[in-house]
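The block underneath contains the structure these notes are about, expressed in C-alpha cells.
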Amino acid sequence: MQEDQFDVVITGGGMVGAALACGLARHHFRVAVIEHQAAPEFTPQSQPDVRISAIGASSVALLKELEVWERVQAMRCAPYRQLETWEWENAHAVFDAASLGLPELGYMVENSVLQRALWEQMQAQGVTLLCPATLAAAEPEPGGWSLTLDDGRKIETRLLTGADGANSQVRRLAGIGVSGWEYAQSCMLISVECEQLPGDSTWQQFTPQGPRAFLPLFGHYASLVWYDSAARIRQLSALSMTQLEQEIATHFPVRCGKVRALTAGSFPLVRRHASRYVRPGLVLVGDAAHTINPLAGQGVNLGYRDVDVLIDVLAEARREGHDWWQLATLNKYQHQRYRDNLLMQNGMDLFYLAFSNRNGPLTVIRNLGLMAAQRGGWLKKKALSYALGL
C-alpha cells in the first residue's frame, strides 16, 4: 500500500476520533487522522481545563483496552463514587458505586488531558497524523474515497469516518440530513478552587431557572455547571471572576462552599441526530452522528459506545474475509447504535422537560419520583447500570 493510501481516514482527532484510531490500529488497520490542531502538551502545574467530561465505567474499560487509561492517570483525573440529585431538600436520589459493587462510578477528566493521552497512544501505534490539515474535498470512487486536503495533497481510503463534531463536514459531504433543535437554556462551565477538598461525590440541584451541578476534580479544584436562560448565561459570561464568585455564592446551594472562580465558558444546548450513520464507504461517530442534552454527562460516553461497536464490527468483518468497508458491514454498526443513541436522547429530553416545567402538580410528581427512585432497589441499580453502559 502506498504512503497516500489508507484503510481508514478519520476526520477529527478529538476524544472520539482519536480513540477510534487507536482501536483500529490495534487491529492492524492502516489509519490516518485529519486534524487542524494538535493536542496541547500537558503541564502538571496548570489549572484545570474548563472543558470536563464525566467518563463512565464502560468508557474507562474501553480506554484501558486501548492502553490509554494509564496515560490519563499519569497526568490527572478524579474518581467519583456517588451521584446525587434533588429539587426539594427532602427528595434526594443518591446513586453510589458500592450498590453496583464498583470501586467508582467513573472519573472526571479534563478534555485536554484525555485528548493528549490519546494522541500519545496514536503516535506510539504509528497512526498517520495529518496535522495541521483540513479536508477540502471528498470524491467517491470504486472501493473507497479520494480525498483532497487543504494543502492540495491527495490521499485515498477504503473508509472515510466523520468524527468531526456536531457541525460535521463529512456528514454534509455525504448528504446526510440531521434533525434536532436548540433548547431554551444555555450552559456555563466554571472552573473553581474550593476552600475545602471537593470529595468524590458529584451532585445536581434542580431550580426553577435550571440545574446547578458540582463536579469534583483533582486537588482542591472542581467544575461548576450552571444551566439557565440564554440571556442569563450571556449576562454571567460578561462578569469578572470576582463578580461571578458572588453570583455562585447567591445561587448555588450552601454545600458548594466558598470557591474562587478561575475561568468560565458557555455554550448553547442543542440536540442533533443524523438521519443515518452510514453510506457506502463512509461512517459517522460521536457528535457527528448525535448530540444530546448534557444533563447526565452522556455525550462522550455515547461516542465511546459508538467506537467500541464500530471497532468490533470492522475487525470481525475483516477477520472473516468480508469487504469490511461495504454498506452491509457498516449497517451492522448503525443497527446496534442508532436505537440506543435515540433512546438516550429521548430519555434525557424527558428528564429535561419534566424538571424545567414550573407547573405545580408536576413539581410534586417529579419530586415524588425522586423519592421513589431513592427507594427503587433493583430498578434504581438497573437505571444506573444503563447510564454507565454496563
Start with the C-alpha gap between Leu224 and Leu189, add the side-chain angles, then the distance that decides, and say whether side-chain contact (heavy atoms from CB on, under 4.5 Å) holds. CA-CA 6 Å; Leu224 305 183; Leu189 299 175; over 6 Å; no
Using the rule given for side-chain contact (heavy atoms from CB on, under 4.5 Å), can you reason through Ile176 versus Leu282, listing the C-alpha separation, both sets of side-chain angles and the distance that settles it, and then say yes or no? CA-CA 11 Å; Ile176 296 175; Leu282 183 143; 4.1 Å; yes
Worked verdict on Val113 versus Val72 for side-chain contact (heavy atoms from CB on, under 4.5 Å): CA-CA 7 Å; Val113 166; Val72 171; 4.3 Å; yes
side-chain contact (heavy atoms from CB on, under 4.5 Å) assessment of Arg272 paired with Ile292: CA-CA 7 Å; Arg272 293 185 184 88; Ile292 188 172; over 6 Å; no
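Inspection of the Arg232 and Gln235 side chains reveals an N or O donor paired with an N or O acceptor under 3.5 Å. Between Asp164 and Ser168, the side chains place a donor N or O and an acceptor N or O closer than 3.5 Å (distance only, hydrogens not considered). In the model, Gln326 has no side-chain atom that pairs as donor or acceptor with a side-chain atom of Thr329 under 3.5 Å. For the residue pair Asp306 and Asn341, a side-chain donor N or O sits within less than 3.5 Å of a side-chain acceptor on the partner. For the residue pair Arg26/Gln125, the side-chain donor-acceptor check at 3.5 Å is not satisfied. Side chains of Gln345 and His273: a donor-acceptor N/O pair is present below 3.5 angstrom, by distance only.
Cluster annotation: Val309 and Val60 are assigned to the same hydrophobic cluster (Ile/Leu/Val/Met/Phe/Trp/Tyr, side-chain heavy-atom contacts under 4.5 Å, transitive). Note on Leu114 and Met75: same hydrophobic cluster, where clusters join Ile, Leu, Val, Met, Phe, Trp and Tyr whose side-chain heavy atoms are under 4.5 Å apart, directly or indirectly. A continuous path of Ile, Leu, Val, Met, Phe, Trp and Tyr side chains, each step under 4.5 Å between heavy atoms, connects Phe252 with Leu239, placing both in one hydrophobic cluster. With hydrophobic clusters built from ILVMFWY side chains whose heavy atoms lie under 4.5 angstrom apart, Val270 does not share a cluster with Leu302. Hydrophobic cluster membership is shared by Trp226 and Met241, with clusters built from Ile, Leu, Val, Met, Phe, Trp and Tyr side chains linked at under 4.5 angstrom.
Within 6.0 Å of CD on Glu320 lie more than 12 heavy atoms contributed by other residues, nucleotides or ligands.
Between the side chain of Tyr333 and the backbone N or O of Leu284 there is at least one donor-acceptor pair closer than 3.5 Å. Under the 3.5 Å distance criterion, the side-chain polar atoms of Thr291 are left unmatched by any main-chain donor or acceptor of Asp287. With hydrogens and angles ignored, the 3.5 Å screen pairs a side-chain donor or acceptor of Gln185 with a backbone N or O of Gln209. In terms of modelled atom types and a separation under 3.5 Å, the side chain of Thr157 and the main chain of Val9 share a donor-acceptor contact. Judged by distance alone, the side chain of Ser240 and the main-chain N or O of Gln243 form a donor-acceptor pair under 3.5 Å.
For the atom pair CG of Asp96 and CG of Leu102, the computed distance is 10.0 Å after rounding to the nearest 0.5 Å. Summarising the geometry, atom CG belonging to Leu147 is positioned 5.0 Å from atom CD1 belonging to Ile155; distances are rounded to the nearest 0.5 Å. One distance of note links CG of Leu330 with CG of Leu159; it measures 6.0 Å at 0.5 Å rounding. Atoms NE2 and CG, from His27 and Leu24 in turn, are 7.5 Å apart once rounded to the nearest 0.5 Å. Atom CZ of Arg337 is separated from atom NE2 of His290 by 6.0 Å, given to the nearest 0.5 angstrom. For the atom pair CG of Asn301 and OG of Ser59, the computed distance is 3.5 Å after rounding to the nearest 0.5 Å.
For Arg255 and Glu84, the salt-bridge test passes: some basic side-chain N is under 4.0 Å from an acidic carboxylate O. Note on Arg305 versus Asp308: no salt bridge recorded, every NZ/NE/NH1/NH2 to OD/OE distance being 4.0 Å or above.
Considering only heavy atoms from C-beta on, Phe206 comes within 4.5 Å of Thr85 through its side chain. Within the 4.5 Å cutoff, no side-chain heavy atoms of Ile190 are placed close to those of Thr263. Side-chain contact between Leu149 and Thr134 is absent, with no heavy atoms from C-beta onward closer than 4.5 Å. Put simply, the side chain of Phe6 does not reach to within 4.5 Å of the side chain of Phe29, judged on heavy atoms. Between Leu262 and Tyr221 there is a side-chain heavy-atom pair separated by less than 4.5 Å. Taking the side chain as every heavy atom from C-beta outward, Glu104 and Tyr80 never approach each other to under 4.5 Å. In this structure the side chain of Thr161 reaches within 4.5 angstrom of the side chain of Val285, judged on heavy atoms. You'll find the side chain of Glu65 stays beyond 4.5 Å of the side chain of Leu63, heavy atoms only.
For Tyr277 and Tyr338, the ring centers sit closer than 6.0 Å to each other.
Listed by chain and number, the residues in a salt bridge (Lys or Arg N to Asp or Glu O under 4.0 Å) with Asp323 amount to none (sequence neighbours excluded).
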For residues 212-220, please give each side-chain donor-acceptor pair under 3.5 Å, one per line with the distance, not counting sequence neighbours.
{"from": "Arg212", "atom 1": "NH1", "to": "Gly210", "atom 2": "O", "distance (Å)": "3.1"}
{"from": "Arg212", "atom 1": "NH1", "to": "Tyr227", "atom 2": "O", "distance (Å)": "2.9"}
{"from": "His220", "atom 1": "ND1", "to": "Cys194", "atom 2": "O", "distance (Å)": "3.2"}

What pairs of donor and acceptor atoms, side-chain ones from residues 32-55 against any protein atom, are under 3.5 angstrom apart with sequence neighbours left out?
{"from": "Glu35", "atom 1": "OE1", "to": "Gly13", "atom 2": "N", "distance (Å)": "2.7"}
{"from": "Glu35", "atom 1": "OE2", "to": "Gln37", "atom 2": "N", "distance (Å)": "3.3"}
{"from": "Ser46", "atom 1": "OG", "to": "Thr43", "atom 2": "O", "distance (Å)": "2.7"}
{"from": "Ser46", "atom 1": "OG", "to": "Arg76", "atom 2": "NH2", "distance (Å)": "3.0"}
{"from": "Asp49", "atom 1": "OD1", "to": "Arg51", "atom 2": "N", "distance (Å)": "3.0"}
{"from": "Asp49", "atom 1": "OD1", "to": "Arg51", "atom 2": "NE", "distance (Å)": "3.4"}
{"from": "Asp49", "atom 1": "OD2", "to": "Arg51", "atom 2": "NE", "distance (Å)": "3.4"}
{"from": "Asp49", "atom 1": "OD2", "to": "Arg51", "atom 2": "NH2", "distance (Å)": "3.0"}
{"from": "Asp49", "atom 1": "OD2", "to": "Ser112", "atom 2": "N", "distance (Å)": "3.2"}
{"from": "Asp49", "atom 1": "OD2", "to": "Ser112", "atom 2": "OG", "distance (Å)": "3.2"}
{"from": "Ser53", "atom 1": "OG", "to": "Asn111", "atom 2": "OD1", "distance (Å)": "2.7"}

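The shortest heavy-atom contact between Ile233 and Ser266 is CG2-CB, 3.5 Å. The two atoms that bring Ala288 and Arg171 nearest to each other are O-NH1, 2.9 Å, heavy atoms only. Taking all atoms of both residues into account, the shortest heavy-atom contact from Arg276 to Asn331 is NH2-OD1, 3.8 Å. Of all non-hydrogen atoms in Ala274 and Val178, the two that sit nearest each other are N-CG2, 4.0 Å. When all heavy atoms are compared, the tightest approach of Tyr304 to Leu62 is O-CD2, 3.6 Å. Here the shortest heavy-atom pairing between Cys256 and Ile248 reads SG-CG2, 4.4 Å.
Considering Glu156, Arg30, Arg158 as possible partners of Gln5, the one that fulfils the side-chain hydrogen bond (donor to acceptor under 3.5 Å, both in side chains) test is Glu156.
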